[in-house]
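As the structure is a computational prediction, the values presented were derived from the model and not from experiment.
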Amino acid sequence: LLPVLALALLGPAAAAEPRWAPALELAEGLAEELWGAGLPGDLPELEPECRSLLAAFAEGSAALTGCLGRRARPVRLCQGCHGHYRRLLAQYGSIARAVGNSSESHNCAKSILTSDRLQIVVTLSEFFNETWEAANCANCLKNNSEGLSNSTEEFLDLFNKSLTCFEQNLQGETIYLTPNNYTEVCKNCNETYTKLNDLYNNLQRMNRQGGESGHSAHLCIDVEDAMNITRKLWSKTFNCSVPCSDTVPVIAVSSFILFLPIVFYLSSFLHSKQKKRILILPKRIQSNASLVNIQEKYS
Amino acid sequence: QLTPSSFLRIGQLSNVDLNEDIHELETELPRQRPNEIPHNEKLLSLKYESLDYDNSENQLFLEEERRINHAAFRTVEIKRWVICAMIGILTGLVACFIDIVVENLAGLKYRVVKDNIDKFTTKGGLSFSLLLWATLNASVVMVGSVIVAFIEPVAAGSGIPQIKCYLNGVKIPHVVRLKTLVIKVCGVILSVVGGLAVGKEGPMIHSGAVIAAGISQGRSTSLKRDFKIFEYFRRDTEKRDFVSAGAAAGVSAAFGAPVGGVLFSLEEGASFWNQFLTWRIFFASMISTFTLNSVLSVYHGNAWDLSSPGLINFGRFDSEKMGYTIQEIPIFIFMGVVGGILGALFNALNYWLTMFRIRYIHRPCLQVVEAMLVAAVTATVGFVMIYCSRDCQPIQGSSVAYPLQLFCADGEYNSMATAFFNTPEKSVVNLFHDPPGSYNPMTLGMFTLMYFFLACWTYGLTVSAGVFIPSLLIGAAWGRLFGISLSYLTKGSIWADPGKYALMGAAAQLGGIVRMTLSLTVIMMEATGNVTYGFPIMLVLMTAKIVGDYFVEGLYDMHIQLQSVPFLHWEAPVTSHSLTAREVMSTPVTCLRRIERVGTVVDILSDTSSNHNGFPVVESNPDTTQVAGLRGLILRSQLIVLLKHKVFVERANLSLVQRRLKLKDFRDAYPRFPPIQSIHVSQDERECMIDLSEFMNPSPYTVPQEASLPRVFKLFRALGLRHLVVVDNRNEVVGMVTRKDLARYRLGKEGLEELSLAQT
C-alpha cells in the first residue's frame with residue numbers, strides 16, 4: 001500500500017508545481033510530504049537512492065513535456081528536444097537497472113516500476129517513446145542521436161534561406177495587397193524554393209528506398225512541417241505555382257481517342273459480315289404435345 | 001438419315017414435299033428453315049460434347065479391379081492426397097507469380113506516367129502525357145489480346161463460365177490445356193498492367209483448374225511428356241474431382257478464402273459430392289493459401305510471417321467504429337436492392353454488347369483492335385476525370401502509392417487520381433480504408449458512373465480478365481458515396497464510417513452481377529477477416545440476388561447461354577411434365593451389332609453428318625431388318641482404340657500370341673483420341689468382324705418411352721450421364737437421350753421454350 005501512496009503523491013507533485021531544485025532536495029521534500037500525509041517516514045518504503053532517481057526522472061519528464069509543448073507549433077520537436085529526450089531515456093534506464101544497496105531482494109526497478117497498478121513511470125516513458133516514434137525524429141538525427149544529421153542541417157539551412165527571401169521580397173509591399181500581386185516574390189525566390197523542393201523530394205526518395213528494410217516511409221516531423229508551411233505559403237498565399245493548363249489540346253486529343261471506338265463499331269457493323277449459324281434439324285419424333293409448345297412460341 | 005423423321009414431321013403438318021415448296025413452309029413455320037440465322041441466345045452449339053463421367057463397367061474394368069488388390073487401392077487414395085497438395089502448392093505459386101509481376105510492371109508504368117505528368121504540369125503540354133498513357137495502355141493490352149485471340153481464344157474472359165460448364169459436365173475444347181494456362185497467366189498480367197478495368201482473381205480460378213487437370217494426369221499432351229505417374233486417374237470421372245479441387249485452390253489463392261473456395265466448388269459444380277472429396281478439396285485450398293502466404297512473406301522481406309493472405313486483401317475491419325447496429329440492417333438491405341438493380345443493368349448492357357460482338361466482331365484482328373481501343377479510352381477517361389477534378393487532399397499522412405499533384409497546390413494530391421491512377425485492387429482497398437473525408441462526393445459519383453460503363457464495356461473483350469474486382473470497385477465507390485451522404489443526413493451521428501458502407505456496396509454490386517450466394521458470402525467474410533460481417537453481407541447478397549433475378553440472370557449464366565453451351569441446370573423446367581422421353585429423344589439411333597463388320601464400324605464413325613459418340617450395341621441378329629434387344633453401349637473412343645489395335649475376330653484366331661488389350665491402352669489414348677481419319681483400315685480388314693461384347697458397357701442406363709422429362713432429367717443430371725437409351729417394352733432401342741436433348745428445354749418469358757441446334 002505504501003509505495004502506491006508514495007507514487008500517487010509523486011504524480012501531482014511533479015506535474016503541478018515543477019520545481020527547479022536539485023534532485024536530492026526534491027527527494028527530501030517528498031519524504032516531508034509523506035510525513036504530512038500522516039505516514040511514518042522511516043518505513044522502508046523507498047530507499048534514498050531510488051528516491052533520488054525517481055526525482056530525477058520526474059524533473060526530466062517535466063522538462064521534456066515543457067519542451068514538447070512549447071515547440072508544438074511550428075513544429076520543432078526533434079531539433080529542440082532531442083537532448084531532453086536522450087537524458088530522460090538515460091534516467092529511465094538507470095531506474096530500470098539500479099539496485100538498492102541495503103537488501104538484495106529490493107531494488108529500485110521493482111519498487112518504482114512494478115509495485116502498483118498504475119505504474120505511472122512506465123506509462124510516462126511509454127508516452128514519450130511513442131510520441132518520439134510517431135514524430136519520426138530518429139530520421140533527422142544522427143545515428144547516435146546526438147544532434148541533427150547533415151541532410152537535415154542542409155535542409156533547414158535552405159529552409160531558413162527561403163524564408164528570409166520571402167521576407168525580404170515582401171518588405172516593400174504592404175500586407176493589404178491582393179494575393180495575386182506577389183509576383184516579385186515568385187520571381188526572386190523561385191530558385192531557392194525549387195532547390196528546397198527538390199531536396200525534400202530527394203530526401204523522401206532516399207528515405208523510401210532505405211525504408212524497405214526498416215521503419216516507416218515518413219520523414220521526421222520537423223522537416224515535413226517546414227516543407228508544408230513553405231509549400232502553403234508558396235502556392236496558396238503567394239499563388240506562385242500556376243500550372244500551365246492546356247485544356248484545348250487535351251480536349252482535342254481525348255475527343256479524338258473517344259471518337260475512335262464509335263468509328264470502329266460503326267464500320268464493323270456496316271462492313272463486317274454478320275456471323276450466321278447453320279441450323280441443324282434434330283432427328284426427332286414430332287408429337288402433338290411438343291407441337292403445341294412450339295406453336296405457342298411462335299403465335 | 002434425316003429422312004424418316006423429317007417425313008414424319010412434315011406428314012403431320014402438311015403433305016407438301018420439302019423440296020418443292022420451301023417458301024410456303026417458311027411462312028407457315030419459321031423453324032423449318034434449314035438455313036442460316038444470325039446468332040442468338042436460343043441456340044445450342046454442336047461444338048460442345050459431354051464428359052464421360054459414367055464408368056464403363058466392361059470386362060476389362062472388372063479384370064483390372066480383380067488384379068489390383070486392397071493395398072493398391074490404398075496407394076491410390078494416398079496418391080489423391082499427394083495430387084491435392086501439389087495442386088495447392090502450384091496454384092499458390094502461380095498466384096504469387098501473377099501478383100509480383102503485376103505489382104512491378106504496373107509500378108513501373110505508373111512511375112513513368114507520373115514523372116511525365118509532373119514534368120508537363122509545369123511546362124505545359126499535358127496532351128503528350130495523355131498520349132503516352134493511352135499508348136502505353138493500348139500497346140500492353142495489344143500484346144495481351146493478340147496472344148489470346150490468335151493462340152488460345154478459350155483463355156478470354158474470366159474463365160469462370162468455362163469452369164462452371166466443365167464441372168457441369170460439358171467438355172469445352174481446350175479449356176484445361178497447359179497452353180491455355182500459359183496464355184491465361186500472361187494475358188491477365190498484361191491486361192491488368194494495361195490498365196483495363198479488370199481484376200486478376202477470376203482467372204486464378206481457371207488457372208487452378210488447369211493446374212489440377214494437368215497434374216492429376218501425370219503428363220502433358222502439349223509438351224508430349226508422359227511422367228508415367230497417376231495413370232489410374234486418366235478418366236473424366238477422376239479428372240473432374242481434381243478440377244473442382246483446383247478451382248477451389250484458385251479461389252482460395254485469389255481471395256485468401258479457403259472455405260470460400262470449397263463452397264465455390266460446391267455451389268458451382270457439385271453433382272457428385274461426398275465427404276472425402278470435400279475434405280480433400282479443403283486440403284488443397286488450405287495448402288494453396290499457405291503457399292501464397294509463405295512465398296509472399298519471403299518476397300516482402302519478412303519471412304515466415306504468414307499474414308499476407310490472398311491476392312486481394314481487404315484489410316482489417318476490426319476497429320470500434322466499424323461495428324454495426326440493428327438499426328443499420330434495413331439500410332444494408334436497401335443497399336442490396338440498389339446493388340441488384342445496378343447489377344441487372346450491368347448484365348443487360350453487357351448482354352447487348354456481347355451479342356453485338358459475337359455477330360460482328362468475330363475476326364481475331366478486329367477483336368485485338370477493339371481491346372486496344374478500350375484500353376486507350378480507359379486511359380483517356382481516367383486522364384480527363386483527373387484533369388477536371390478539383391478535389392485536392394493533403395499528401396501528408398496518406399498512404400497513396402502514386403500521388404499525382406497536377407493542378408493541386410504543392411503538398412497536395414488529386415483525390416480522383418487515387419481511384420483511377422492505380423491498379424483496381426489497390427483502389428478497392430483505398431475505398432474501404434481511407435479515413436472519412438478522403439474523397440468528396442462529386443469525385444465518387446463521377447468515378448462510379450465512369451467505371452460502371454468502362455467495366456461493362458471491358459467484360460467480354462478478347463483478353464483474359466475477371467469481373468470480380470471491377471464490380472467490387474464500382475460497389476465500393478457508390479457504397480462510400482452512400483455512407484457519406486448518410487452521415488451528412490444524420491448530421492454525423494453513430495453511423496459515421498463510410499468504409500463499412502463501401503464494403504456492403506461492394507458486396508451488393510458483386511452479388512447483383514454474378515449472383516453467387518453462399519460462396520460469395522463466405523469469400524467476403526474471409527477476405528475481410530471479420531465473422532460478424534457475415535450476417536449483413538448475407539442479407540445484402542440475398543437481396544441483390546432476388547432483385548437482380550427479377551430482371552435478368554447472372555453474368556456467368558448469361559455468357560454460358562450466349563456461347564450456346566448445353567448447360568444443365570439443377571432441375572428440369574417446372575412445366576415440362578407433359579413431355580415424355582418419346583418426344584425428347586433423338587431417333588432413329590445408329591446401333592451396332594455385338595459382332596459387327598469392321599467396314600460398317602468405320603463407315604459409321606467416318607460419317608460426318610452424325611458425329612455420335614455412343615452407340616447402343618444390340619444382339620447380332622442375322623435378320624437385319626428387325627431391331628434387336630439392347631445388349632450394351634460402346635463409345636466412339638473405345639471403338640477407335642479397338643480399330644487402332646486391330647482387335648478383330650479373325651486376327652485373334654490367327655495369332656494367339658497377340659497381346660490382350662488392357663484398360664491401360666484406353667487410358668493412354670485419353671483425353672485426345674485420334675480422329676477416325678487417322679486410322680488406316682485396309683480393304684481386307686474391312687471384311688473382318690469385330691467382337692464388342694468384351695469392351696462395351698453391358699449395363700447402360702435405360703428409360704422407358706413414357707418417362708417424363710423431369711424424370712429423365714433427374715436421372716441424367718444426378719448420375720452425370722452422357723447417353724441414356726430409350727427402350728420399348730421388348731428392350732428394343734427406340735431412341736437416345738443426350739445432353740443437348742435435355743438442355744434445349746428452357747423456361748423462358750412465355751413458358752416453355754425450345755432451343756434449336758446449330759453449327760458454330
A.B. asks: Using a 4.5 Å heavy-atom cutoff, which residues in residues 257-265 of chain A come close to chain B?
C.D. replies: A:Ile257, A:Leu258, A:Leu260, A:Pro261, A:Phe264, A:Tyr265

A.B. asks: I need the minimum non-hydrogen distance between B:Thr380 and A:Ser254, along with the two atoms involved.
C.D. replies: CG2-CB, 3.3 Å

A.B. asks: What part of B:Leu46 lies closer than 4.5 angstrom to a heavy atom of chain A: side chain, backbone, both or neither?
C.D. replies: side chain

A.B. asks: By a 4.5 Å heavy-atom criterion (distance strictly below it), what part of B:Trp133 contacts chain A: side chain, backbone, both, or neither?
C.D. replies: neither

A.B. asks: Restricting to non-hydrogen atoms, name the atom on B:His362 and the atom on A:Lys273 that form the minimum distance, rounded to 0.1 Å.
C.D. replies: NE2-O, 2.8 Å

A.B. asks: Can you tell me how far apart CG (B:Leu366) and OG (A:Ser268) are? Round to the nearest 0.5 Å.
C.D. replies: 6.5 Å

A.B. asks: Counting only non-hydrogen atoms closer than 4.5 Å, does B:Val377 touch chain A with its backbone (N, CA, C, O), its side chain (CB onward), both, or neither?
C.D. replies: both

A.B. asks: Below 4.5 Å, heavy atoms only, C-beta onward: do B:Leu757 and A:Leu279 meet side chain to side chain?
C.D. replies: no

A.B. asks: Counting only heavy atoms from other residues, nucleotides and ligands, does the tally under 6.0 Å from CZ of A:Phe256 exceed 12?
C.D. replies: no

A.B. asks: At what distance, to the nearest 0.5 angstrom, does NZ of A:Lys276 lie from NE2 of B:His39?
C.D. replies: 13.0 Å

A.B. asks: With a 4.5 angstrom heavy-atom cut-off, could you sort out which part of B:Ala376 is near chain A: side chain, backbone, both or neither?
C.D. replies: both

A.B. asks: Checking B:Phe128 against chain A: side chain, backbone, both or neither under 4.5 Å from a heavy atom?
C.D. replies: neither

A.B. asks: Find the distance between OH (B:Tyr360) and NE2 (A:His271) and round it off to the nearest 0.5 Å.
C.D. replies: 12.5 Å

A.B. asks: Among B:Thr580, B:Asn40, B:Val584, B:Leu131, which has the most heavy-atom pairs under 4.5 Å with chain A?
C.D. replies: B:Val584

A.B. asks: For A:Glu191, I'd like to know if atom CD has over 12 heavy atoms of other residues, nucleotides or ligands within 6.0 Å.
C.D. replies: no

A.B. asks: Would you say A:Arg277 and B:Pro38 make side-chain contact, with heavy atoms under 4.5 Å?
C.D. replies: no

A.B. asks: For B:Arg746, what residues pass the salt bridge (charged side-chain N to carboxylate O under 4.0 Å, His left out) criterion, not counting sequence neighbours?
C.D. replies: B:Glu753

